Amino acid sequence: MDSIWMKEANEADFEEKVIAASKTTPVLVDFWAEWCGPCRMLAPILERVVNAYQGKVQLVKVNTDENPSLAGRYRIQGIPAVKAFVDGHMADEFVGVLPERQIREFVDNLVPSEADLIAQKARPLEEKQPREALGLYEEALKHEPQHAASLLGKLRLLLALGRVEEARLFFNHLPAALQFHEETRRLQIRLDLALSQKSGPSLAELQARAAREPENLQHAFDLAHRLAADGEYEKALETYLAIVRKDRRFKDDGARKAMLQLFEVIGPRSPLAEKYREKLAQILF
(Lines give C-alpha, C1' and ligand atoms only; values in the text may rest on other atoms or scores of the structure.)
Protein backbone atom coordinates (compact mmCIF):
# COMPACT_ATOMS: atom_id res chain seq x y z
CA MET A 1 0.00 0.00 0.00
CA ASP A 2 1.49 3.29 -1.09
CA SER A 3 -1.11 5.79 0.09
CA ILE A 4 -1.60 7.82 3.27
CA TRP A 5 -5.27 6.78 3.10
CA MET A 6 -4.44 3.09 3.50
CA LYS A 7 -3.29 1.34 6.66
CA GLU A 8 -3.02 -2.03 8.32
CA ALA A 9 -4.74 -2.69 11.64
CA ASN A 10 -4.64 -5.37 14.29
CA GLU A 11 -6.54 -6.22 17.47
CA ALA A 12 -4.61 -3.61 19.45
CA ASP A 13 -5.24 -0.59 17.22
CA PHE A 14 -8.50 -1.49 15.43
CA GLU A 15 -10.51 0.80 17.72
CA GLU A 16 -8.30 3.79 16.87
CA LYS A 17 -7.75 3.15 13.15
CA VAL A 18 -11.30 2.06 12.32
CA ILE A 19 -13.95 2.88 14.91
CA ALA A 20 -12.60 6.28 15.99
CA ALA A 21 -11.41 7.23 12.50
CA SER A 22 -14.80 6.46 10.95
CA LYS A 23 -16.39 9.22 13.04
CA THR A 24 -14.77 11.75 10.70
CA THR A 25 -14.15 9.75 7.49
CA PRO A 26 -15.76 6.53 6.19
CA VAL A 27 -13.43 3.54 6.59
CA LEU A 28 -13.38 0.39 4.45
CA VAL A 29 -11.97 -2.64 6.26
CA ASP A 30 -10.59 -5.35 3.99
CA PHE A 31 -10.44 -8.68 5.84
CA TRP A 32 -7.92 -10.84 3.96
CA ALA A 33 -5.23 -13.52 4.31
CA GLU A 34 -1.93 -14.30 2.57
CA TRP A 35 -3.14 -17.62 1.14
CA CYS A 36 -6.32 -16.11 -0.37
CA GLY A 37 -6.12 -15.70 -4.16
CA PRO A 38 -9.30 -13.61 -4.51
CA CYS A 39 -7.92 -11.30 -1.80
CA ARG A 40 -4.91 -10.57 -4.01
CA MET A 41 -7.27 -9.84 -6.91
CA LEU A 42 -9.42 -7.43 -4.87
CA ALA A 43 -6.57 -5.52 -3.19
CA PRO A 44 -5.40 -3.42 -6.21
CA ILE A 45 -9.01 -2.59 -7.13
CA LEU A 46 -9.72 -1.33 -3.61
CA GLU A 47 -6.52 0.69 -3.62
CA ARG A 48 -7.34 2.37 -6.94
CA VAL A 49 -10.83 3.26 -5.77
CA VAL A 50 -9.68 4.65 -2.43
CA ASN A 51 -6.91 6.67 -4.05
CA ALA A 52 -9.45 8.19 -6.44
CA TYR A 53 -11.39 9.65 -3.51
CA GLN A 54 -8.33 11.58 -2.29
CA GLY A 55 -8.90 11.23 1.43
CA LYS A 56 -12.71 11.14 1.47
CA VAL A 57 -12.54 7.44 2.42
CA GLN A 58 -9.85 5.33 4.07
CA LEU A 59 -8.85 1.70 3.61
CA VAL A 60 -7.72 -0.47 6.52
CA LYS A 61 -6.52 -4.03 5.93
CA VAL A 62 -6.90 -6.73 8.57
CA ASN A 63 -5.15 -10.09 8.22
CA THR A 64 -7.66 -12.63 9.53
CA ASP A 65 -5.00 -15.27 10.31
CA GLU A 66 -3.11 -12.82 12.52
CA ASN A 67 -6.26 -11.31 14.09
CA PRO A 68 -8.72 -14.16 14.69
CA SER A 69 -10.66 -12.32 17.40
CA LEU A 70 -11.47 -9.48 14.99
CA ALA A 71 -12.54 -12.01 12.38
CA GLY A 72 -14.76 -13.63 14.99
CA ARG A 73 -16.20 -10.35 16.24
CA TYR A 74 -17.29 -9.38 12.73
CA ARG A 75 -18.37 -12.91 11.78
CA ILE A 76 -16.02 -13.32 8.87
CA GLN A 77 -16.95 -16.58 7.18
CA GLY A 78 -15.44 -16.01 3.76
CA ILE A 79 -12.72 -13.73 2.42
CA PRO A 80 -12.14 -11.26 0.99
CA ALA A 81 -14.79 -9.52 3.09
CA VAL A 82 -15.10 -5.74 3.05
CA LYS A 83 -17.00 -3.93 5.79
CA ALA A 84 -17.67 -0.21 5.74
CA PHE A 85 -17.69 1.82 8.96
CA VAL A 86 -19.33 5.24 9.28
CA ASP A 87 -19.64 7.27 12.47
CA GLY A 88 -18.30 4.44 14.60
CA HIS A 89 -20.66 1.76 13.29
CA MET A 90 -20.66 -0.78 10.48
CA ALA A 91 -22.80 0.69 7.70
CA ASP A 92 -22.47 -1.77 4.79
CA GLU A 93 -20.50 -4.76 3.54
CA PHE A 94 -19.76 -7.08 0.64
CA VAL A 95 -17.98 -10.43 0.23
CA GLY A 96 -15.84 -11.56 -2.68
CA VAL A 97 -14.34 -9.73 -5.65
CA LEU A 98 -16.60 -7.12 -7.22
CA PRO A 99 -15.96 -5.17 -10.45
CA GLU A 100 -14.38 -1.77 -9.91
CA ARG A 101 -17.57 0.00 -11.05
CA GLN A 102 -19.61 -1.70 -8.33
CA ILE A 103 -17.03 -0.90 -5.68
CA ARG A 104 -17.13 2.77 -6.70
CA GLU A 105 -20.92 2.71 -6.34
CA PHE A 106 -20.51 1.07 -2.93
CA VAL A 107 -18.16 3.85 -1.80
CA ASP A 108 -20.34 6.59 -3.34
CA ASN A 109 -23.09 5.59 -0.91
CA LEU A 110 -20.72 6.15 2.02
CA VAL A 111 -18.91 9.34 1.10
CA PRO A 112 -20.70 12.62 1.88
CA SER A 113 -21.76 14.56 -1.21
CA GLU A 114 -21.10 18.28 -1.62
CA ALA A 115 -24.70 18.90 -0.51
CA ASP A 116 -24.13 16.71 2.58
CA LEU A 117 -21.08 18.75 3.58
CA ILE A 118 -22.86 22.08 3.12
CA ALA A 119 -25.89 20.89 5.10
CA GLN A 120 -23.60 19.74 7.91
CA LYS A 121 -22.25 23.30 8.14
CA ALA A 122 -25.78 24.74 8.18
CA ARG A 123 -27.32 22.69 10.97
CA PRO A 124 -25.33 24.19 13.91
CA LEU A 125 -26.16 27.71 12.70
CA GLU A 126 -29.94 27.29 12.68
CA GLU A 127 -30.63 28.64 16.16
CA LYS A 128 -28.35 31.68 16.32
CA GLN A 129 -27.74 32.46 12.64
CA PRO A 130 -30.90 31.27 10.86
CA ARG A 131 -30.48 33.43 7.75
CA GLU A 132 -26.93 32.19 7.19
CA ALA A 133 -28.09 28.61 7.71
CA LEU A 134 -30.95 29.11 5.24
CA GLY A 135 -28.50 30.41 2.65
CA LEU A 136 -26.34 27.31 3.09
CA TYR A 137 -29.30 24.97 2.67
CA GLU A 138 -30.28 26.81 -0.50
CA GLU A 139 -26.70 26.47 -1.76
CA ALA A 140 -26.81 22.73 -1.02
CA LEU A 141 -30.06 22.41 -2.98
CA LYS A 142 -28.36 23.95 -6.02
CA HIS A 143 -25.93 21.03 -5.95
CA GLU A 144 -28.61 18.43 -5.20
CA PRO A 145 -32.24 19.63 -5.60
CA GLN A 146 -33.71 16.54 -3.91
CA HIS A 147 -31.32 16.60 -0.93
CA ALA A 148 -33.55 15.55 1.97
CA ALA A 149 -31.61 17.15 4.85
CA SER A 150 -31.46 20.50 3.04
CA LEU A 151 -35.13 20.43 2.05
CA LEU A 152 -36.17 19.82 5.64
CA GLY A 153 -33.64 22.34 6.92
CA LYS A 154 -34.97 25.02 4.61
CA LEU A 155 -38.55 24.31 5.70
CA ARG A 156 -37.57 24.47 9.38
CA LEU A 157 -35.96 27.86 8.85
CA LEU A 158 -38.76 29.33 6.78
CA LEU A 159 -41.05 28.53 9.70
CA ALA A 160 -38.57 29.84 12.27
CA LEU A 161 -38.21 33.10 10.34
CA GLY A 162 -41.98 33.56 10.11
CA ARG A 163 -42.09 33.17 6.32
CA VAL A 164 -45.23 31.10 6.62
CA GLU A 165 -46.74 31.48 3.16
CA GLU A 166 -43.38 30.69 1.58
CA ALA A 167 -43.13 27.66 3.87
CA ARG A 168 -46.59 26.49 2.79
CA LEU A 169 -45.69 26.66 -0.90
CA PHE A 170 -42.34 24.98 -0.27
CA PHE A 171 -43.99 22.21 1.76
CA ASN A 172 -46.48 21.54 -1.06
CA HIS A 173 -43.60 20.86 -3.45
CA LEU A 174 -41.60 18.48 -1.27
CA PRO A 175 -40.73 15.21 -3.03
CA ALA A 176 -43.16 12.34 -2.46
CA ALA A 177 -40.39 10.33 -0.79
CA LEU A 178 -40.22 12.90 2.02
CA GLN A 179 -43.94 12.95 2.75
CA PHE A 180 -43.69 10.04 5.20
CA HIS A 181 -40.49 11.21 6.89
CA GLU A 182 -40.88 11.58 10.65
CA GLU A 183 -39.62 15.16 10.65
CA THR A 184 -41.91 16.07 7.75
CA ARG A 185 -44.90 15.16 9.93
CA ARG A 186 -43.61 17.38 12.74
CA LEU A 187 -43.02 20.27 10.37
CA GLN A 188 -46.49 19.88 8.89
CA ILE A 189 -47.98 20.29 12.37
CA ARG A 190 -45.86 23.41 12.94
CA LEU A 191 -46.93 24.74 9.54
CA ASP A 192 -50.62 24.18 10.32
CA LEU A 193 -50.19 25.96 13.64
CA ALA A 194 -48.39 28.87 11.99
CA LEU A 195 -51.09 29.22 9.32
CA SER A 196 -53.81 29.31 11.97
CA GLN A 197 -51.80 31.93 13.89
CA LYS A 198 -51.55 34.10 10.79
CA SER A 199 -55.28 34.09 10.06
CA GLY A 200 -56.74 34.03 13.58
CA PRO A 201 -57.24 36.60 16.37
CA SER A 202 -54.26 37.91 18.31
CA LEU A 203 -52.97 36.17 21.42
CA ALA A 204 -54.11 39.09 23.59
CA GLU A 205 -57.64 38.87 22.20
CA LEU A 206 -57.81 35.11 22.76
CA GLN A 207 -56.52 35.48 26.32
CA ALA A 208 -59.16 38.14 27.01
CA ARG A 209 -61.94 35.91 25.65
CA ALA A 210 -60.82 32.95 27.77
CA ALA A 211 -60.61 35.15 30.87
CA ARG A 212 -64.12 36.55 30.33
CA GLU A 213 -65.66 33.10 29.84
CA PRO A 214 -63.50 30.56 31.68
CA GLU A 215 -66.07 27.77 31.14
CA ASN A 216 -66.16 28.26 27.38
CA LEU A 217 -64.08 25.36 26.08
CA GLN A 218 -63.94 26.69 22.54
CA HIS A 219 -62.23 29.86 23.79
CA ALA A 220 -59.77 27.73 25.77
CA PHE A 221 -59.13 25.49 22.77
CA ASP A 222 -58.48 28.47 20.47
CA LEU A 223 -56.11 29.94 23.06
CA ALA A 224 -54.20 26.67 23.44
CA HIS A 225 -53.86 26.43 19.66
CA ARG A 226 -52.46 29.96 19.47
CA LEU A 227 -50.04 29.34 22.34
CA ALA A 228 -48.77 26.26 20.50
CA ALA A 229 -48.36 28.29 17.31
CA ASP A 230 -46.35 30.89 19.24
CA GLY A 231 -44.04 28.21 20.62
CA GLU A 232 -45.44 28.51 24.16
CA TYR A 233 -45.60 24.74 24.34
CA GLU A 234 -45.95 24.24 28.09
CA LYS A 235 -48.73 26.81 28.39
CA ALA A 236 -50.48 25.25 25.43
CA LEU A 237 -50.23 21.75 26.90
CA GLU A 238 -51.53 22.97 30.25
CA THR A 239 -54.52 24.60 28.54
CA TYR A 240 -55.29 21.52 26.46
CA LEU A 241 -54.99 19.41 29.61
CA ALA A 242 -57.53 21.58 31.42
CA ILE A 243 -59.99 20.96 28.57
CA VAL A 244 -59.46 17.19 28.82
CA ARG A 245 -60.17 17.39 32.56
CA LYS A 246 -63.44 19.25 31.97
CA ASP A 247 -64.74 17.36 28.96
CA ARG A 248 -62.68 14.83 27.06
CA ARG A 249 -65.41 14.56 24.40
CA PHE A 250 -65.09 18.23 23.42
CA LYS A 251 -64.38 18.53 19.67
CA ASP A 252 -64.28 14.74 19.35
CA ASP A 253 -61.44 14.37 21.90
CA GLY A 254 -59.67 17.24 20.16
CA ALA A 255 -57.64 18.50 23.13
CA ARG A 256 -56.05 15.11 23.74
CA LYS A 257 -55.31 14.69 20.03
CA ALA A 258 -53.78 18.17 19.94
CA MET A 259 -51.52 17.25 22.87
CA LEU A 260 -50.31 14.15 21.04
CA GLN A 261 -49.51 16.25 17.98
CA LEU A 262 -47.64 18.73 20.12
CA PHE A 263 -45.59 15.91 21.65
CA GLU A 264 -44.40 15.17 18.11
CA VAL A 265 -43.37 18.79 17.55
CA ILE A 266 -41.38 19.14 20.78
CA GLY A 267 -39.95 15.63 20.61
CA PRO A 268 -41.80 12.54 21.88
CA ARG A 269 -39.04 11.76 24.38
CA SER A 270 -38.35 15.31 25.52
CA PRO A 271 -38.74 16.07 29.25
CA LEU A 272 -41.72 18.34 28.52
CA ALA A 273 -43.51 15.68 26.49
CA GLU A 274 -42.83 13.05 29.14
CA LYS A 275 -44.14 15.36 31.87
CA TYR A 276 -47.44 16.04 30.11
CA ARG A 277 -47.82 12.50 28.84
CA GLU A 278 -47.77 11.41 32.48
CA LYS A 279 -50.28 14.12 33.49
CA LEU A 280 -52.55 13.10 30.64
CA ALA A 281 -52.35 9.45 31.66
CA GLN A 282 -53.36 10.33 35.22
CA ILE A 283 -56.55 11.91 33.91
CA LEU A 284 -57.38 9.20 31.37
CA PHE A 285 -56.58 6.17 33.48
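On a predicted model such as this, the values are computed, not experimentally measured, just so you know.
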**OP:** Would you sort out whether E183 and R156 count as a side chain to side chain contact (heavy atoms under 4.5 Å, CB included), showing the intermediate values?
**Re:** CA-CA 10 Å; E183 185 169 3; R156 275 195 308 273; 2.5 Å; yes
**OP:** Measure the spacing between CG of L227 and CG of D222 and express it to the nearest 0.5 Å.
**Re:** 11.0 Å
Subject >> Backbone of K235 reached by a side-chain donor or acceptor of T239 within 3.5 Å >> reply: yes
**OP:** Walk me through it: do S113 and E144 pass the test side chain to side chain donor-acceptor pair (under 3.5 Å)?
**Re:** CA-CA 9 Å; S113 67; E144 196 175 325; 3.1 Å; yes
Subject >> Donor-acceptor contact present, side-chain Q129 to main-chain E126, <3.5 Å >> reply: no
**OP:** Please check if any side-chain donor atom of Q179 sits under 3.5 Å from a side-chain acceptor atom of T184, or the reverse.
**Re:** no
**OP:** Please check if the side chain of N63 supplies one atom and the backbone of E66 the other of a donor-acceptor pair under 3.5 Å.
**Re:** yes
Original post:
In Å, rounded to the nearest 0.5 Å, how long is the span from CZ of F31 to CD1 of I76?
Top reply: 4.5 Å
Original post:
Would you call H219 and L223 a side-chain contact if the rule is heavy atoms closer than 4.5 Å?
Top reply: no
Original post:
Would you call the rings of Y240 and F221 parallel, tilted or perpendicular, where under 30° means parallel and over 60° means perpendicular?
Top reply: perpendicular
Original post:
Which one of N51, V29, L28 satisfies the side chain to side chain contact (heavy atoms under 4.5 Å, CB included) criterion with L59?
Top reply: L28
**OP:** To the nearest 0.5 angstrom, please state how far the CD1 atom of I283 sits from the NZ atom of K246.
**Re:** 11.5 Å
**OP:** Flag the pair E139 and K142 as a salt bridge only when some basic side-chain nitrogen lies within less than 4.0 angstrom of an acidic carboxylate oxygen.
**Re:** no
**OP:** Report yes or no: does R277 contribute a side-chain atom to a donor-acceptor pair with the main-chain N or O of P268 at less than 3.5 Å?
**Re:** yes
**OP:** Would you mind listing every side-chain hydrogen bond (donor to acceptor under 3.5 Å, both in side chains) that reaches into residues 71-92, with sequence neighbours excluded?
**Re:** K83-E93
Subject >> Counterpart residues, ring-ring contact (aromatic ring centres under 6.0 Å, His included), relative to Y137 (two or more places apart) >> reply: none
Original post:
With a 4.0 Å cut-off, would you call D13 and K17 a salt bridge?
Top reply: yes
**OP:** Step through the shown structure and confirm whether more than 12 heavy atoms of other residues, nucleotides or ligands are within 6.0 Å of CD on Q54.
**Re:** yes
Subject >> Any donor-acceptor N/O pair, D252 side chain to G254 backbone, under 3.5 Å >> reply: no
**OP:** With rounding to the nearest 0.5 Å, note down the distance linking CD in Q58 to NZ in K7.
**Re:** 4.5 Å
Subject >> Set of residues satisfying side chain to side chain donor-acceptor pair (under 3.5 Å) with respect to E165, sequence neighbours excluded >> reply: R168
**OP:** Kindly work out whether a path of hydrophobic side-chain contacts (I/L/V/M/F/W/Y, heavy atoms less than 4.5 Å apart) joins W35 to M41.
**Re:** no
**OP:** Measure the spacing between CZ of F170 and CG of L158 and express it to the nearest 0.5 Å.
**Re:** 6.5 Å
**OP:** Only one of V18, N10, V62 passes side chain to side chain contact (heavy atoms under 4.5 Å, CB included) with L70; say which it is.
**Re:** V62
Subject >> Co-membership, hydrophobic cluster, residues I266 and L193, 4.5 Å side-chain >> reply: yes
Subject >> E34 with R40: basic N within carboxylate O range, under 4.0 Å >> reply: no
Original post:
Run the salt bridge (charged side-chain N to carboxylate O under 4.0 Å, His left out) check on E213 and R209 step by step: do they pass?
Top reply: CA-CA 6 Å; E213 300 180 56; R209 287 181 187 177; over 6 Å; no
**OP:** Report yes if some heavy atom in the side chain of H181 is under 4.5 Å from a heavy atom in the side chain of L174; otherwise report no.
**Re:** no
Original post:
Would you call R226 and D230 a salt bridge, taking side-chain N to carboxylate O under 4.0 Å as the test?
Top reply: yes
**OP:** Would you mind listing the cluster partners of L125? Hydrophobic ones only (ILVMFWY), side-chain contacts under 4.5 Å, chaining allowed.
**Re:** I118, L136
Subject >> Donor-acceptor contact present, side-chain Y276 to main-chain P271, <3.5 Å >> reply: no
**OP:** Examine distances only and state if a side-chain atom of H173 and a backbone atom of L169 form a donor-acceptor pair shorter than 3.5 Å.
**Re:** yes
Original post:
Is E264 paired with R185 through a side-chain N to carboxylate O contact shorter than 4.0 Å?
Top reply: no
Subject >> Sequence neighbours excluded, every pair satisfying ring pair (Phe, Tyr, Trp, His ring centres under 6.0 Å) that has a member inside residues 94-119 >> reply: F94-F106
Subject >> In one Ile/Leu/Val/Met/Phe/Trp/Tyr side-chain cluster, 4.5 Å: L117, V107 >> reply: no
**OP:** Just grab all the side-chain hydrogen bond (donor to acceptor under 3.5 Å, both in side chains) pairs involving residues 19-32, residues at least two apart or on different chains.
**Re:** D30-K61
Original post:
CG of L280 to CG of L237: how many Å apart, nearest 0.5 Å?
Top reply: 9.5 Å
